[in-house]
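In what follows, a single structure is set out as structure tokens and then discussed.
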Amino acid sequence: MPATAIPPPDAIAWLWKDAPLPAFSRAAVAVVDRHVWLAGDKVLVRPGARPRSLPPDTRVIPVVHVEIDQLHPPAGLRAARPAILAALDRAARASTSGWVQLDLEARPSQREDYRALVAEIRARLPRDMRFSVTALAWWCRAPAWLDGLAADEVVPMFFRMGRDNAPLRAIVADRPGVLHPLCRAGSAGFSRQEAFAPAVAARYRRTYWFDERGWKDSR
């Protein structure tokens with residue numbers, strides 16, 4: 001297995017901060033448009049990435065990244081709903097790809113709030129705006145997270161899988177039929193630093209890629 005994966009030429013890079021655009025992602029790129037930070041009853045919204053000049057024909061998928069404080073997580077997501085909805089509204093106006101994406105690693109206690117939030121976002125977005133959500137890899141083995149989820153695209157993130165990393169990697173690599181149908185062939189997220197065999201990414205029609213070094217050595 002290579003130490004660093006090489007994304008396919010039609011892949012989509014996730015950009016944040018001032019990351020440069022890697023050559024493979026020139027057609028379309030996912031850019032963090034807003035950071036929403038949740039800690040207890042506090043909600044802080046910050047501007048997202050300011051990538052270096054993008055080619056005029058590069059289609060941008062704005063991403064709203066919601067970060068939950070590990071030490072002081074909110075009990076639910078309802079208090080943050082107005083801020084997240086406003087951030088998605090802004091993302092839709094900024095989109096040049098016809099897509100927006102929500103990146104929210106909700107906790108099990110927040111699952112019902114999460115599913116209700118996704119449904120509300122989809123209902124608010126224009127009909128011609130497609131709605132993508134990222135998903136933790138273990139959600140792909142928990143149908144209650146994904147069955148009937150009101151999103152146009154689910155992007156399981158097959159990296160940074162924590163204490164379940166080894167068994168989940170084995171399932172993704174060798175037993176994909178165990179995964180939820182939404183996690184088998186549609187879209188998926190991979191990391192350059194946590195490479196799978198190229199055949200794994202090749203199963204998916206659309207792939208997103210994360211780089212720990214912010215694409216600094218990608219050109």
Side-chain angles (χ1 to χ4, degrees), residues 12 14 28-38 43 45 48 59-68 73-161 168 172 176-190 203-210:
I12 299 169
W14 275 304
V29 63
V31 178
V32 176
D33 186 70
R34 282 290 184 272
H35 287 277
V36 182
W37 179 68
L38 310 181
V43 180
V45 181
R59 301 185 303 276
V60 175
I61 304 168
V63 180
V64 174
H65 172 69
V66 181
E67 182 175 354
I68 296 173
L77 300 174
R78 294 183 184 181
R81 185 176 58 85
I84 296 172
L85 292 174
L88 262 297
D89 288 344
R90 184 191 185 284
R93 293 193 298 271
S95 177
T96 59
S97 63
W99 285 86
V100 292
Q101 187 174 82
L102 174 67
D103 178 30
L104 199 176
E105 298 180 7
R107 296 180 166 215
S109 62
Q110 299 163 340
R111 184 176 64 200
E112 293 307 316
D113 283 356
Y114 171 78
R115 290 176 59 87
L117 176 65
V118 168
E120 186 169 2
I121 292 169
R122 176 61 275 178
R124 286 170 62 100
L125 288 173
R127 289 189 178 184
D128 60 351
M129 181 64 60
R130 303 191 71 185
F131 179 35
S132 171
V133 297
T134 62
L136 293 173
W138 69 265
W139 294 3
C140 293
R141 302 198 66 195
W145 279 99
L146 299 179
D147 280 355
L149 191 67
D152 299 295
E153 174 184 66
V154 173
V155 185
M157 297 178 290
F158 295 135
F159 58 94
R160 290 186 172 182
M161 294 186 284
L168 281 172
V172 173
V178 173
L179 302 172
H180 191 281
L182 291 174
C183 301
R184 294 178 194 167
S187 299
F190 297 95
R203 296 181 196 139
Y204 294 88
R205 293 187 296 273
R206 185 154 126 138
T207 59
Y208 293 80
W209 289 79
F210 175 77

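We find the OH-CZ distance between Y204 and F158 to be 4.0 Å, quoted to the nearest 0.5 Å. To the nearest 0.5 Å, atom CD1 of residue I61 and atom CD1 of residue I12 are 4.0 Å apart. Atoms CH2 and CH2, from W209 and W14 in turn, are 10.0 Å apart once rounded to the nearest 0.5 Å.
Scanning both residues, G48 and H35, for their nearest heavy atoms gives CA-CD2, 3.8 Å. Taking all atoms of both residues into account, the shortest heavy-atom contact from S95 to V100 is CB-CG1, 4.3 Å. The minimum heavy-atom distance between A94 and P62, with the atom names listed, is C-CG, 4.0 Å.
Counting non-hydrogen atoms of neighbouring residues, nucleotides and ligands closer than 6.0 angstrom, the CZ atom of R59 reaches no more than 12 such neighbours.
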_With side chain to side chain contact (heavy atoms under 4.5 Å, CB included) as the criterion, how do V36 and L104 come out once you've worked through the C-alpha distance, each side chain's angles and the decisive distance to 0.1 Å?_
CA-CA 9 Å; V36 182; L104 199 176; over 6 Å; no
_T207 vs F190, side chain to side chain contact (heavy atoms under 4.5 Å, CB included): CA-CA, chis, key distance, verdict_ = CA-CA 7 Å; T207 59; F190 297 95; 3.9 Å; yes
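Remark: side-chain polar atoms of S97 are paired, donor with acceptor, to backbone N or O of V60 under 3.5 angstrom. Side-chain N or O atoms of R203 include none that pairs as donor or acceptor with a backbone N or O of R184 at under 3.5 Å.
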Could you give the side-chain donor-acceptor pairs of residues 73-92 under 3.5 Å, partners two or more places apart or in another chain?
| unit_1 | atom_1 | unit_2 | atom_2 | d |
| --- | --- | --- | --- | --- |
| R78 | NE | D113 | OD1 | 3.3 |
| R81 | NH1 | E120 | OE1 | 3.3 |
| R81 | NH1 | E120 | OE2 | 3.0 |
| D89 | OD2 | R124 | NH2 | 2.3 |
| R90 | NH1 | D33 | OD1 | 2.7 |
| R90 | NH1 | D33 | OD2 | 2.7 |

All N/O donor-acceptor pairs, side-chain side in residues 127-149, below 3.5 Å, sequence neighbours left out:
| unit_1 | atom_1 | unit_2 | atom_2 | d |
| --- | --- | --- | --- | --- |
| S132 | OG | Q101 | NE2 | 2.9 |
| S132 | OG | E153 | OE1 | 2.7 |
| T134 | OG1 | D103 | OD1 | 2.7 |
| D147 | OD1 | H180 | NE2 | 2.6 |

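Here the two rings, on F159 and F210, have centers that are under 6.0 Å apart.
Between E67 and E105 there is no side-chain heavy-atom pair separated by less than 4.5 Å.
Considering only residues two or more places apart in sequence or on other chains, R122 meets the salt bridge (Lys or Arg N to Asp or Glu O under 4.0 Å) condition with D152.
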